[in-house]
Protein chains: 2
Amino acid sequence: MAAKDTLTILNGKWKIQIITTLNYSGKLRFMDLLRLIKGIAAKMLSKELQDLETNQLLKRTVLSTNQLIVEYELTPHGKTLERIINEMRLWGKLHRKKITGDK
Amino acid sequence: MAAKDTLTILNGKWKIQIITTLNYSGKLRFMDLLRLIKGIAAKMLSKELQDLETNQLLKRTVLSTNQLIVEYELTPHGKTLERIINEMRLWGKLHRKKITGDK
DNA sequence: CAGTATCCAAAGGGATACTG
DNA sequence: CAGTATCCCTTTGGATACTG
């Protein structure tokens with residue numbers, strides 16, 4: 001199922017937040033993401049970034065090796081997720097209204 | 001995050017398949033779903049159906065109690081998921097092409 | 001028929017300490 | 001700075017047997 005694939009790729013507790021944060025801010029360094037995404041641990045950030053990079057949704061660039069500096073940014077392919085994430089956001093809001101308003 | 005909510009609701013190994021199966025076939029009984037969704041175990045089907053019912057995405061109807069017969073069908077709210085599932089399917093296909101075509 | 005109960009293995013994810 | 005390693009708890013999901 002292609003739909004399930006999409007779900008699997010976006011799954012993980014922090015992926016959507018990472019993607020939307022990068023989509024909003026452009027290029028960010030590891031520490032920036034760690035600071036902007038409240039509650040995430042370095043281990044999880046690292047792991048989720050690797051997953052996303054494997055799926056070619058973001059690009060990792062080492063800017064400097066002696067004083068280690070790394071930047072992350074969405075690829076064009078990663079940016080194509082914006083549309084579907086927006087749809088999810090809309091449906092999620094609709095759903096909340098449905099659930100809370102119904103009872 | 002509303003987008004994450006949508007993901008959470010659709011998550012679980014079988015939810016999308018259950019939804020699309022019901023969306024395609026209309027009303028189905030427990031055994032029908034068990035037969036149509038290859039590989040699912042009764043425990044999982046039961047649990048996923050309960051999750052979906054809790055979120056008001058489907059309706060469970062007992063047709064007979066002496067000879068126990070139960071039918072499941074999507075609610076109108078559940079049917080609103082069709083749009084977003086289709087978007088996921090489209091993006092999933094795009095992604096496969098991207099990944100396999102790239103290397 | 002339509003489930004539930006039990007047991008278990010694997011994956012997900014957090015806290016903390018450590019490294020090039 | 002940008003991670004990795006370790007430990008450990010929780011969640012997910014499968015197999016099998018049982019029930020009203």
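Since the structure is predicted, the reported quantities are computational estimates derived from the model, not experimental observations. Residue numbers start from 1 in every chain, and the chains themselves are labelled A, B, ... in the order their sequence lines are given, proteins ahead of strands.
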**Fill in**
Between B/Thr54 and A/Ile99 the two heavy atoms that sit nearest each other are O-CD1, 4.5 Å
Within this structure, what is the [atom1]-to-[atom2] distance between [X] and [N], rounded to whole angstrom?
| X | N | atom1 | atom2 | value |
| --- | --- | --- | --- | --- |
| B/Ile40 | D/dG13 | CD1 | P | 10 Å |
| B/Leu28 | C/dA2 | CG | P | 11 Å |
| B/Leu63 | C/dG3 | CG | C1' | 16 Å |
| B/Lys13 | D/dT11 | NZ | C1' | 15 Å |
| A/Met44 | D/dA2 | CE | P | 19 Å |
| A/Glu53 | D/dA2 | CD | C1' | 14 Å |
| A/Glu48 | D/dG3 | CD | C1' | 15 Å |
| B/Leu34 | D/dA15 | CG | P | 12 Å |

Would one find a side-chain N or O of [X] under 4.0 angstrom from OP1 or OP2 of [N]?
| X | N | value |
| --- | --- | --- |
| B/Tyr72 | C/dG3 | yes |
| A/Arg29 | D/dC1 | no |
| B/Gln50 | C/dT4 | yes |
| B/Arg60 | C/dA2 | no |

**Heavy-atom side-chain contact between A/Ile19 and A/Leu58 under 4.5 Å** = no
Are [Y] and [X] co-members of a hydrophobic cluster defined by side-chain heavy atoms under 4.5 Å apart?
| X | Y | value |
| --- | --- | --- |
| A/Leu74 | B/Leu94 | yes |
| A/Met1 | B/Ile9 | yes |
| A/Met31 | A/Leu28 | yes |

Run the side-chain donor-acceptor check on residues 36-48 of chain A: report pairs under 3.5 Å with partners two or more places apart or on a different chain.
residue, atom, partner, partner atom, Å
A/Ser46, OG, A/Gln50, NE2, 3.3
A/Glu48, OE1, A/Lys15, NZ, 2.8
A/Glu48, OE2, A/Trp14, N, 3.1

**Message:** Any carboxylate oxygen within less than 4.0 angstrom of a Lys/Arg side-chain nitrogen, looking at B/Arg29 and B/Asp32?
**Reply:** no
**Asked** Are the charged groups of B/Glu87 and A/Arg83 less than 4.0 angstrom apart, N to O?
**Response**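 A salt bridge is present here (some side-chain N lies under 4.0 Å from a carboxylate O).
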**B/S/- contact track for nucleotides 15-20 of chain C, protein heavy atom under 4.0 Å** = B----B
**Request:** Answer yes or no: is there a donor N or O on one side and an acceptor on the other, between the side chain of A/Thr75 and the main chain of A/Leu57, under 3.5 Å?
**Result:** yes
**Asked** Any idea which of D/dA2, C/dC1, C/dG14 is nearest the B/Gln67 side chain?
**Response** C/dC1
**Message:** Let's see if you can work this out: which of D/dT4, D/dA2, C/dA2 has an atom nearest to the side-chain heavy atoms of A/Val70?
**Reply:**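 Selected nucleotide (nearest to the side chain): D/dA2.
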**Fill in**
Dot-bracket assigned to DNA chain D with the 3.5 Å Watson-Crick/G-U criterion, [ ] for crossing and | for other-strand pairs, is ||||||||||||||||||||
